[in-house]
Amino acid sequence: MKTISVQLDSHRYGIDIGEGLLSGVGAACKAAALAGRAAVVSNPTVAPLYADLVTGSLQDAGFSPVMIEIPDGEEFKTSTTLNSIYDRLIEAGLDRRSFIVALGGGVVGDLAGFAAATFLRGIPFVQLPTTLLAQVDSSVGGKTGIDHPLGKNLIGAFYQPHLVLSDVSTLNTLSERHYLAGLAEVIKYGAVLDADLFALLETEVDGLLRRDPVLLGQVVARCCEIKAWVVEQDEREAGLRAVLNYGHTLGHAFEALSGYRDLVHGEAVAIGMVQAALLSRLEGYCSSDDVERIVSLIQRLGLPVTAPEVAQDDLVSALSRDKKNRSGTLQYICNRGIGSHAMHQFTPAQLAEACCKGR
Ligand SMILES: NC(=O)c1ccc[n+]([C@@H]2O[C@H](COP(=O)([O-])OP(=O)(O)OC[C@H]3O[C@@H](n4cnc5c(N)ncnc54)[C@H](O)[C@@H]3O)[C@@H](O)[C@H]2O)c1
Ligand SMILES: [Zn+2]
């Protein structure tokens, strides 16, 4: 097991990463000085696989956990589901000394985290991320929240967990599509923040596709270290944290234009990273060799590289709706070679044109 320590102004906590950690969650909660009632939030896909292990471990450590099941899917990351969590927390008699345990992917983590941030003005919470995306991205950094009918992730709070246990064994049951989508975020860290990680991914494609647990432990730990470092510099996303949007500006636009159906998030990010690499070369931040390495790694890891057929005007509109759009320009993250980054300003029209011309 490896522990990454996250040190923020307000709070310090650890992320434990390794195989078979779920069976030790009760002891870990005790060691983190948690007490009182525990509410385990999960969904009908993940709960049958891991909830017994988690509640059993909590019971063994002297907690009396209550299970809260929410429906599976991004379409349920809503105020209605959030309210149903509050209902159950109140019915089960949770008080300020209680805590919430999020068992699942990013949807469960974001929802349960926001419930913890707001219930009784904040009770502690523990993240047990079970998707690769949640282990390398959403469980680190303290963003919690829900979607609004008018847009994704519009309601939320920064709220740090007390403890994160990333059990890489849980990735064995993850669907191929969601596993590969998580790898897109892993590639992102390598491409703009860590050349050594990128080179490791290039040499370990087979192990990654086989989900080798030792390799995954190493890769998840490195990604958490990187994200924790970024978040420590910039907890509230005033500057450096924007680097994590690499591949996401166009990625979000493609995702929205696909109606959040044809492409899952990581696939859209993979395509966005290819476009980002091409634009980076165009602006002189990297070489054709660098572009080739990025495209080839994405492809070898089974992710898409070709932008979907979308009308240029639709792309401009989608980019103009980007939350990070400030008075008509987008802070666009380019890769500076491999493992480093540069910020470049583009208008939505410039980005859409470059993207559609390159097709
Ligand atoms: N808070 C943040 O900083 C942050 C960062 C990135 C993404 N997110 C959010 O994360 C969400 C996406 O997360 P995700 O990709 O984990 O999706 P998800 O939570 O929907 O999980 C994907 C699917 O895999 C299932 N699943 C989860 N773990 C499993 C396992 N071990 N075995 C079998 N099936 C399993 C889930 O039930 C779901 O059907 C989005 O809502 C996004 O906005 C948040
Ligand atoms: Zn992402």
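Side chains are part of it too, since the values below use all heavy atoms of this structure and drop only hydrogens, waters and symmetry mates.
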With a 3.5 Å cut-off and no angle check, do the side chains of [X] and [Y] form a donor-acceptor pair?
X: E185; Y: H265; value: yes
X: S169; Y: D167; value: yes
X: Q160; Y: Y13; value: yes
X: Y246; Y: N335; value: yes
X: D290; Y: S287; value: yes
X: Y50; Y: T173; value: yes
X: T78; Y: T81; value: yes

Query - N43 side-chain N/O to V46 backbone N/O, donor-acceptor pair under 3.5 Å - result: yes
Requested in this report: Kindly indicate whether a cation-pi arrangement holds for R211 with Y179, taking the cut-offs as under 6.0 Å to the six-membered ring centre and within 45° of the axis.
Outcome: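 Pair R211/Y179 counts as cation-pi.
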**Report entry** Electrostatic pair R300-E202, nearest N-O below 4.0 angstrom
**Finding:**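 E202 and R300: not salt-bridged.
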Query raised in the report: Salt bridge between D110 and K77, side-chain N to carboxylate O under 4.0 Å?
Result: yes
Requested in this report: Flag the pair L165 / V126 as yes when at least one side-chain heavy-atom distance between them is below 4.5 Å, and no otherwise.
Outcome: no
Query - Near-ring test H341/Y285, centroid separation under 6.0 angstrom - result: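 Here the rings of H341 and Y285 have centres that are no less than 6.0 Å from each other.
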Query raised in the report: Using the ring of each side chain (for Trp, its six-membered ring), is F63 parallel, tilted or perpendicular to F99, with breaks at 30° and 60°?
Result: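 The rings of F63 and F99 stand perpendicular, inter-plane angle above 60°.
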Query raised in the report: When you look at F254 and H252, which way does the ring-ring contact (aromatic ring centres under 6.0 Å, His included) test go after all the steps?
Result: CA-CA 6 Å; F254 292 135; H252 281 143; over 10 Å; no
Query raised in the report: Counting only heavy atoms not in K152, do more than 12 fall under 6.0 Å of its NZ?
Result: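 Yes, the 6.0 Å shell around NZ holds more than 12 heavy atoms from other groups.
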Query - Separation between OG of S258 and CD of E255, rounded to the nearest 0.5 Å - result: 6.5 Å
